[in-house]
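Naming: A, B, ... by sequence-line order, numbering from 1 per chain. As a basis for the values below, the full set of heavy atoms in this structure was taken, side chains included, without hydrogen atoms, waters or symmetry mates.
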Number of protein chains: 2
Amino acid sequence: MAIDKQLRLLKCVADETRFQILMTLEGGERCVCEIIEELGEEQSLISHHLRALRKCGLIRRRREGKKIMYRLADPSILGLLTNVEKLASKFC
Amino acid sequence: MAIDKQLRLLKCVADETRFQILMTLEGGERCVCEIIEELGEEQSLISHHLRALRKCGLIRRRREGKKIMYRLADPSILGLLTNVEKLASKFC
DNA sequence: GACTTATATGAACAAATATTTATATGAAGT
DNA sequence: ACTTCATATAAATATTTGTTCATATAAGTC
């Protein structure tokens, strides 16, 4: 039951910027410029984090003209975020 | 919906040693020496990580004679681990 | 085909986190 | 009281991770 996969996933989500990107994508597909705008961060920073999330399999992308659209790889990812939210309010 | 609480929780779990400690505690209360034995790590290292988990509210402890017994603060923590496991096998 | 827009990438640098080492504490046994 | 066993802690160090900066690519526009 490959523990390093689980850790890779956790580490990927356990970063403020990436966590916020996932939250943004909860609302559906977004292009990079929208994510940048919403988070108010550097383009390059967002790009690095998008790559990390993608490498981890959590998000997917497709090109649409000049823009590149990102989306959650699977709705079940929302479940994790919700789960974390519940636990965090319970303890921490 | 305090995002930093969620992040503190995630960062706490997203470490191999701490993750394994939690897994060990799935099986019920354990004293520090048992955890050290099971993980095969330095006493001091385990102690640091136990503190981190405790600070985060994920585990509790009680003294029993010379030993100190640790346990999960709440069974709902198992749910998170399971959730992560499922997602990790799905992607990553 | 030069120019702009949108995004990605690599290398340098900065910050955060984990690990080790050495020492302290506190309960129990003698 | 002294010693041992079990655990904790602080400071030093090592490692990992995130951020910035400068540059590259790729598609669309003039």
In whole Å, what is the span from the [atom1] atom of [X] to the [atom2] atom of [N]?
X: A:Ile46; N: C:dA8; atom1: CD1; atom2: P; value: 11 Å
X: B:Leu10; N: D:dT17; atom1: CG; atom2: P; value: 15 Å
X: B:His49; N: C:dA18; atom1: NE2; atom2: P; value: 6 Å
X: A:Leu7; N: C:dA18; atom1: CG; atom2: P; value: 12 Å
X: A:Leu50; N: C:dT7; atom1: CG; atom2: P; value: 9 Å
X: A:Glu37; N: C:dA6; atom1: CD; atom2: P; value: 12 Å
X: A:Arg62; N: C:dA8; atom1: CZ; atom2: P; value: 14 Å
X: B:Ile68; N: C:dG26; atom1: CD1; atom2: C1'; value: 9 Å

| field | side chain to side chain contact (heavy atoms under 4.5 Å, CB included) partners of A:Arg62, counting only residues at least two apart | value | A:Glu29, A:Glu64, A:Met69, A:Arg71
Could you tell me the separation between the [atom1] atom of [X] and the [atom2] atom of [Y], rounded to the nearest 0.5 Å?
X: A:Leu80; Y: B:Lys86; atom1: CG; atom2: NZ; answer: 12.0 Å
X: B:Ile46; Y: B:Gln20; atom1: CD1; atom2: CD; answer: 8.5 Å
X: A:Leu9; Y: A:Leu53; atom1: CG; atom2: CG; answer: 10.0 Å

| So which of residues 11-32 of chain B are in contact with DNA chain D, with a heavy-atom cut-off of under 4.0 Å? | B:Cys31, B:Val32
Mind listing the N/O atom pairs, protein and nucleotides 21-28 of chain D, below 3.5 Å?
unit_1: D:dC21; atom_1: N4; unit_2: A:Ser44; atom_2: OG; d: 2.6

Does the side chain of [Y] come within less than 4.5 Å of [X]'s, by heavy atoms?
X: B:Arg60; Y: B:Leu72; answer: no
X: B:Phe19; Y: B:Leu81; answer: yes
X: B:Thr24; Y: B:Glu34; answer: no
X: A:Cys12; Y: A:Leu58; answer: yes

| task | May I ask you to say what A:Arg54 touches in the nucleic acid, namely base, sugar-phosphate or nothing, with a heavy-atom cut-off under 4.0 Å? | result |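 The residue A:Arg54 makes no contact with any strand.
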| request: Ignoring backbone atoms, establish whether A:Arg61 has a side-chain N or O less than 4.0 Å from OP1 or OP2 of C:dA8. | output: yes
| query | What heavy-atom pair brings B:Cys56 and B:Arg8 nearest, and what distance separates the two atoms? | reply |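 Smallest interatomic distance, heavy atoms only, reads SG-O, 3.7 Å.
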